[in-house]
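The structure under discussion appears below in the form of structure tokens.
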Amino acid sequence: MTGQPLPGFRDFFPEDHSTLRSLFSAWREASRRSGFVEFEGPELEALELYTEKSGEEIIGQLYHFKDKGDREVALRPELTPTLARMVAARHRNYRKPIKWFSIPRLFRYERPQRGRHREHYQWNCDIVGEKGAAADAELIATLCLGLSLLGLGPKDVVVKVSDRGWWDLFLADQGVKEEKRAEVLRILDKLEGAPTEEWKKKLGALAEPIGNALDSKIALSEGLEQVRQAVGALGYADWCEVDLRIVRGLAYYTGIVFEVHDRAGKLRAVAGGGRYDHLLKKLGGEDLPATGFGMGDAVLSELLTEKKFLRAESTPPAIFVVAESAERNLALQIAGNLRRNGEAVDYDPGSGKWVKQLELAEARGARWALLVGREAAQGKLLVKELATRKQGEIAFRKSADGAISLEPGVGDWAKVVAS
RNA sequence: GCGGCCGUAGUUCAGUUGGUAGAACUCCAGAUUGUGGUUCUGGCUGUCGCGGGUUCGAAUCCCGUCGGUCGCCCCA
């Protein structure tokens, strides 16, 4: 069997693509309403843009190769390095805070599995140049708005918020050296539930103090408190929970971090993000505080499918022109005119019979069929509403310049058909 | 990188203890060349994922490989 996509890559047939578009619409709308502006960068970047940040070991997970100019290049696995590059190049042209969003297609060379392919689309929102936790709250609110536009609510998902800064202080207090803290957090990221023997094995003496810290609800850091207030005021208090165990795998996060999970806890994280205040400088740019999140299409689609919230964004033609073969030329003229006037118009380009043309009109999902037949000799056309099977008569007139006007116009066809 | 399950027409699948392939739907063409969601008729397509092995003979058994899927590792 030929014609399969490469492993981990997906074909989007029109019906699949329309559901993808409905995700994009929600993402764009939430971004727009929240004051983010869209940007885009190259899909292909220099390999070193990624190894600089994460070291050589990331190469194994990258889709990389040598181009014809002998450059080591990689398909972008994430957008942040590109964002950092672009911000570094022109951030003086933009008043802070910078609020940018993008919907990049990202790539990873990894084993495909549920909710995870070698390619996916990811909604990214970032705020650069604002170090206060209010910026983190703003991102969380934008994220929630996006999810709500897709029909999801606090009953379906939960935003788990944590604070890496708090962990830094806590671990320092426990005498954990700076270079060992990331490792402890990584272990923590894997553990679930209450302290167990497994905790002790992996965390040693830290198991008990960490367990106690997780239990106490009063341990809210200043940052978490600010986020709680701002997110509450923005209207998303019931979407969020403090969960200190969320620490995110990546080493570069510095402050507030968060993840979105389905309430049932069956799927991978739907979205994740947090503050990365030193990353831009590390990538060779300006020392600007930054925070952001990413939400992939794969897990989100699974969740929406499960909830039956997935909607297709279909765009059928409004009008399908059906023509008798003798009137074909006139039909084309009418179609062209309607299109220039802003209508979505389709017709059967083959030499289809009357019946076939009507069938195609139906299959295309058009609302109206405009029948161009023998009545045309008297300056008349028939308009048919396909769903109701009702039809009426309208008139057309050709002017000297070739323009064709219909009487009544498309907006009033419903009346013609009803009478 | 490791393990479980799977791989048959465009699609969803059936194929009985191994005897060289079927259904439904879709699509295309028709049912006295102007009215479509029903009905009827006819038609198209498969190297049964690929390669090798066992056998007189394999879609069916064995091995390998590629791909899919689920999980582990890892992470966005």
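Sequence lines set the chain letters: A, B, ... in the order given, protein chains first and strands last, and positions in each chain run from 1.
- Nearest approach of Trp354(A) to Val372(A), heavy atoms of both residues: CZ3-O, 4.0 Å.
- In this structure, Gly350(A) reaches neither bases nor backbone, as no heavy-atom distance under 4.0 Å exists between it and the strands shown.
- Nearest-nucleotide positions on RNA chain B place Pro112(A) closer to the 5' end than the other of Pro112(A) and Gly272(A).
- Rounded to whole Å, the distance from OH on Tyr253(A) to C1' on C75(B) is 11 Å.
- If you take atom P in G42(B) and the same atom in G64(B), they sit 47 Å apart, rounded to whole Å.
- Put simply, the side chain of Arg116(A) and the base of C70(B) share no donor and acceptor less than 3.5 Å apart.
- Comparing atom distances between the Pro7(A) side chain and each of G67(B), C73(B), U35(B) picks out G67(B) as nearest.
- Of the C1' atoms belonging to G53(B) and G10(B), the separation is 33 Å, rounded to the nearest Å.
- Taking atom P on both U17(B) and C61(B), the two are 11 Å apart, rounded to the nearest angstrom.
- With respect to the salt-bridge test (charged N to carboxylate O, under 4.0 angstrom), the residues Glu286(A) and Arg85(A) do not qualify.
- Whole-Å rounding puts the Glu327(A) CD to U33(B) P distance at 19 Å.
- Contacts of Gly294(A) with the nucleic acid, taken as non-hydrogen atoms under 4.0 Å apart, are absent.
- Between Glu343(A) and Arg339(A) there is no salt bridge, since no side-chain nitrogen of the basic residue lies less than 4.0 Å from a carboxylate oxygen of the acidic one.
- Using a 4.0 Å heavy-atom distance criterion, Leu382(A) is classed as a base contact.
- A donor-acceptor contact under 3.5 Å is not formed by the side chain of Gln357(A) with the base of U35(B).
- Residue Glu375(A) is classed as a base contact, given a heavy-atom separation below 4.0 Å to a base.
- Note: CD (Glu110(A)) to P (C74(B)) measures 12 Å, nearest angstrom.
- Atom P of A21(B) sits at a distance of 14 Å from the matching atom of U16(B), rounded to the whole Å.
- Nucleotides U38(B) and A31(B) place their C1' atoms 15 Å apart, quoted to the nearest Å.
- Within 4.0 Å (heavy atoms only), Glu324(A) reaches at least one base atom of the nucleic acid.
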Hey, what are the protein-to-nucleotides 30-32 of chain B N/O distances that come in under 3.5 Å?
unit_1, atom_1, unit_2, atom_2, d
G30(B), OP1, Lys353(A), NZ, 3.1

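- Going from atom CG of Leu360(A) over to atom C1' of C28(B) covers 13 Å, rounded to whole Å.
- Between the P atoms of U65(B) and C73(B), the separation comes to 25 Å (whole Å).
- Using C1' as the reference atom, A14(B) and G7(B) are 15 Å apart when rounded to the nearest Å.
- Using a cutoff of 4.0 Å between basic side-chain nitrogens and carboxylate oxygens, Glu43(A) and Arg105(A) are not scored as salt-bridged.
- Using cut-offs of 30° and 60° for the angle between ring planes, the Trp27(A) and Trp123(A) rings count as parallel.
- Checked for salt-bridge contact, Arg76(A) and Glu40(A) meet the test: a charged N lies under 4.0 Å from a carboxylate O.
- Two residues, Phe9(A) and Gln122(A), neighbour RNA chain B, and the one matched to the more 5' nucleotide by heavy-atom proximity is Phe9(A).
- Here the separation of G15(B) from G52(B), taken at their P atoms, is 28 Å to the nearest Å.
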Derivation and outcome, ring-ring contact (aromatic ring centres under 6.0 Å, His included), residues Tyr121(A) and Phe24(A): CA-CA 9 Å; Tyr121(A) 289 96; Phe24(A) 288 7; 5.1 Å; yes
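- Across all strands shown, Ala387(A) has heavy atoms under 4.0 Å from base atoms, whether or not it also approaches the sugar-phosphate.
- Looking at residues two or more places apart in sequence or on another chain, you find a side chain to side chain donor-acceptor pair (under 3.5 Å) between Arg10(A) and Glu119(A), Asp297(A).
- Atom OG1 of residue Thr291(A) and atom CD1 of residue Ile127(A) lie 6.5 Å apart, to the nearest 0.5 angstrom.
- Using the six-membered ring where Trp is involved, Trp167(A) and Phe170(A) have ring planes that are perpendicular, over 60° apart on the 30 and 60° scheme.
- Side-chain N/O atoms of Glu45(A) and Thr82(A) include a donor and acceptor closer than 3.5 Å.
- On a pure distance criterion of 3.5 Å, no polar donor-acceptor pair joins the side chain of Arg114(A) and the base of G71(B).
- For RNA chain B, if you chain together Watson-Crick or G-U pairs that step i with j, i+1 with j-1 and so on, the runs of at least three with distances under 3.5 Å are B:1-7 with B:66-72, B:10-13 with B:22-25, B:27-31 with B:39-43, B:49-53 with B:61-65.
- Between Arg389(A) and U35(B), a side-chain N or O to OP1/OP2 separation shorter than 4.0 Å is absent.
- One atom, CZ of Arg118(A), and another, C1' of U69(B), lie 14 Å apart when rounded to the nearest Å.
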